[in-house]
Amino acid sequence: MARFELKLPKMGESVAEATITNWLKQVGDAIEADEAVLEIATDKVDSEVPSEVSGILIEQLFNKDDLVQVGQTIAIIETEAVVANATPTKIVAQESALEIKNTSAKETAADNTMLAAPMNFTDSDKFYSPLVKNIAKEEGVAVAELESISGSGKEGRVTKDDILKYVENRKSNSLHTAIGTNTQNPAPNAQQPAPVSVNGGDEIIEMDRMRKLISGYMVASVQTSAHVQSFIEVDVTNIVKWRDKVKTAFEKREGEKLTYTPIFMEAVAKALKDFPGMNISVDGDFIIKKKNINLGMAAALPNGNLIVPVIKNADQLNLVGMAKAVNDLGNRAKLGKLKPDDTQGGTYTVTNVGTFGSVFGTPIINQPQVGILALGAIRKVPAVIETPEGDFIGIRQKMFLSHSYDHRVVDGALGGSFVKKVADYLEAFDVNRDY
């Protein structure tokens with residue numbers, strides 16, 4: 001028999017950690033090679049971690065909702081064959097202990113130290129992770145004290161942070177209690193109770209993990225950037241005519257559906273080359289000029305949440321390449337098949353609010369970028385058409401572009417000129433062009 005260490009795999013150049021959202025296999029379960037063992041989530045994407053070997057899961061070194069660093073061992077699988085990274089007899093200290101990352105300055109060098117075996121808390125009806133029990137034992141927290149703590153985890157579960165905050169508060173107030181003492185003191189980190197329906201007919205729904213993240217990002221962006229908007233109306237009649245003319249042949253030849261999105265993305269990428277001051281990010285008092293043009297495209301998920309996959313080096317793609325990239329990322333977003341790296345590295349973002357019928361919008365900047373463009377719905381409208389013979393009224397296809405930009409580093413001249421350049425590219429679209 002050999003022991004195989006299942007580690008959190010590298011998920012992209014800029015992804016250093018992930019949160020365990022669900023264990024698909026429990027201790028004692030048989031596992032086949034390439035079978036998913038657990039589900040994880042980064043700040044943007046959910047994915048699965050498969051096993052590289054077949055065997056029996058004998059240890060889970062982390063609990064659900066724990067944060068794990070890339071490269072850390074998350075589970076032990078016992079195999080019949082000898083594997084390359086099998087450990088000789090024991091796994092770092094005790095086989096049944098959990099590995100934790102201690103954040104105190106004193107113990108930073110001991111991030112991977114294994115904790116001692118937990119106390120026996122058989123008198124409690126509540127579930128506590130081995131890590132929480134170990135902390136309770138070492139800090140002299142009685143079972144009754146532990147039960148008085150209002151947990152911030154799912155279903156009120158006490159997390160590592162909850163008990164550490166409790167211990168810190170207890171020490172600062174000289175409230176050490178001997179093991180077995182029954183204290184009625186409320187937990188220092190007790191959270192605000194969930195809202196209660198006044199008339200009994202309202203439904204109370206807790207935000208899911210992704211919605212909480214989106215909520216945090218949006219609030220942080222508004223608090224960070226000085227948002228200002230510029231709007232411009234664009235005549236896209238030539239684009240509509242061209243797409244109607246070639247979309248069937250395009251799909252037959254390229255095997256891809258031709259939407260308006262890649263056409264708009266192509267124009268944005270060209271404008272970013274013309275105005276590199278929009279292809280930047282802000283880090284404190286420093287401005288970082290981005291070498292690559294990586295376009296994020298906001299995509300709505302079936303559950304109503306939002307995700308922003310990124311088209312890397314968008315300025316280097318022709319229209320066919322852009323269409324393939326847009327369709328690939330859009331389809332994988334809907335199916336939940338995006339990889340963590342697919343959402344990293346964006347330098348500018350485009351969102352299509354016209355998909356839902358909106359004429360224009362005021363989108364929130366995707367930090368640390370400094371601009372985001374909203375594409376409004378294309379509408380048939382009466383318009384004044386100028387000709388050498390005079391002006392007349394005609395039916396044209398028009399849309400609004402809404403440009404939100406960070407006034408800390410982008411002034412109106414740059415923000416307005418950029419969106420005007422995008423409009424110029426769209427209005428100059430050659431109706432006779434090839435793909």
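Along the sequence shown, the residues carry numbers beginning at 1. When reading the values below, keep in mind they use all heavy atoms of this one structure, side chains included, and skip hydrogens, waters and symmetry mates.
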Peer 1: Assess the side chains of Q369 and S281: does a donor N or O sit below 3.5 Å from an acceptor N or O?
Peer 2: no

Peer 1: Around atom CZ of F429, are there more than 12 heavy atoms from other residues, nucleotides or ligands closer than 6.0 Å?
Peer 2: yes

Peer 1: Can you list every pair that meets salt bridge (Lys or Arg N to Asp or Glu O under 4.0 Å) and has a residue in residues 402-420, with sequence neighbours left out?
Peer 2: D406-R408, K420-D424

Peer 1: Would you give the length of the straight line joining atom CZ of F4 to atom CD1 of I77, rounded to the nearest 0.5 angstrom?
Peer 2: 6.5 Å

Peer 1: Do Y405 and Y348 make the cut of ring centroids closer than 6.0 angstrom?
Peer 2: no

Peer 1: Do Q367 and S221 have a side chain donor and acceptor closer than 3.5 Å?
Peer 2: yes

Peer 1: Of all the heavy-atom pairs spanning T21 and A41, show the shortest one and how long it is.
Peer 2: CG2-CB, 3.6 Å

Peer 1: Counting only heavy atoms not in K212 (residues, nucleotides, ligands), do more than 12 fall under 6.0 Å from its NZ?
Peer 2: yes

Peer 1: Taking 4.0 angstrom as the limit, do D342 and R332 come out as a salt bridge?
Peer 2: yes

Peer 1: Using a 3.5 Å distance criterion without hydrogens, assess whether the side chain of H403 forms a donor-acceptor pair with backbone atoms of F231.
Peer 2: no

Peer 1: Indicate yes or no for a side-chain donor-acceptor contact from W242 to the backbone of N432 under 3.5 Å, with no hydrogens or angles considered.
Peer 2: no

Peer 1: Are a donor atom and an acceptor atom from the side chains of T237 and Q397 found within less than 3.5 Å of each other?
Peer 2: no

Peer 1: Donor-acceptor pair, distance only, cut-off 3.5 Å: does the side chain of T351 make one with the backbone of A374?
Peer 2: no

Peer 1: Would you call V167 and L164 a side-chain contact if the rule is heavy atoms closer than 4.5 Å?
Peer 2: no

Peer 1: Strictly distance-based, threshold 3.5 Å: is any side-chain N or O of D29 a donor or acceptor partner for the main-chain N or O of Q26?
Peer 2: yes

Peer 1: Kindly compute the distance separating CD1 (I293) from CG (L317), expressed to the nearest 0.5 Å.
Peer 2: 11.0 Å

Peer 1: Does K324 have more than 12 heavy atoms from other residues, nucleotides or ligands lying within 6.0 Å of its NZ?
Peer 2: yes

Peer 1: Report yes or no: does E251 contribute a side-chain atom to a donor-acceptor pair with the main-chain N or O of T248 at less than 3.5 Å?
Peer 2: no

Peer 1: Closest approach of M297 and L329, non-hydrogen atoms and distance?
Peer 2: CE-CB, 3.7 Å

Peer 1: Can you confirm whether more than 12 heavy atoms, excluding those of F392, are under 6.0 Å from its CZ atom?
Peer 2: yes

Peer 1: Name the residue from V49, V70, T73 that meets the side-chain contact (heavy atoms from CB on, under 4.5 Å) definition with K7.
Peer 2: T73

Peer 1: Scan residues 289-310 for pairs that pass salt bridge (Lys or Arg N to Asp or Glu O under 4.0 Å), counting only residues two or more places apart or in two chains.
Peer 2: none

Peer 1: Verify, without hydrogens or angle tests, whether T355 (side chain) and N352 (backbone) share a donor-acceptor contact under 3.5 angstrom.
Peer 2: yes

Peer 1: Looking at E48 and K25, is there a salt bridge between them, counting it only when a charged N and a carboxylate O are closer than 4.0 Å?
Peer 2: no

Peer 1: Any donor and acceptor pair, going by atom type alone, linking the side chain of S417 with main-chain N or O of A413 inside 3.5 Å?
Peer 2: yes

Peer 1: Quick one: does any side-chain atom of S215 pair with a main-chain N or O of R211 as donor and acceptor, under 3.5 Å?
Peer 2: no

Peer 1: Over all heavy atoms of both residues, which pair between L24 and A36 is shortest? Give the atoms and the distance, please.
Peer 2: CD1-CB, 3.7 Å

Peer 1: With K421 as the cation and Y425 as the aromatic partner, state whether NZ or CZ is under 6.0 Å from the six-membered ring centre and within 45° of the axis.
Peer 2: yes

Peer 1: Closer than 3.5 angstrom, by distance alone: can the side chain of H227 be matched with the main-chain N or O of I365 as a donor-acceptor pair?
Peer 2: yes

Peer 1: Do D235 and R396 meet the salt-bridge criterion of a basic N to acidic O distance under 4.0 Å?
Peer 2: yes

Peer 1: Would a distance-only check, ignoring hydrogens and angles, find a side-chain to backbone donor-acceptor pair under 3.5 Å from N327 to K257?
Peer 2: yes

Peer 1: Counting neighbours of NZ on K245 that are heavy atoms of other residues, nucleotides or ligands and sit closer than 6.0 Å, is the number greater than 12?
Peer 2: yes

Peer 1: Suppose we screen for salt bridge (Lys or Arg N to Asp or Glu O under 4.0 Å). Which residues come up paired with R253, at least two apart in sequence or across chains?
Peer 2: none

Peer 1: Could you please spell out the steps behind the side-chain contact (heavy atoms from CB on, under 4.5 Å) verdict for V68 and I40?
Peer 2: CA-CA 9 Å; V68 186; I40 59 172; over 6 Å; no

Peer 1: Evaluate the criterion side chain to side chain donor-acceptor pair (under 3.5 Å) for residue pair S404 and Q229; output intermediate values, then yes/no.
Peer 2: CA-CA 4 Å; S404 293; Q229 284 84 25; 3.1 Å; yes

Peer 1: If we ignore angles and hydrogens, is there a donor and acceptor under 3.5 Å between the side chains of N294 and T347?
Peer 2: no

Peer 1: Kindly indicate, with the supporting measurements, whether the criterion side-chain contact (heavy atoms from CB on, under 4.5 Å) is fulfilled by I214 and N305.
Peer 2: CA-CA 8 Å; I214 294 172; N305 287 325; 4.1 Å; yes

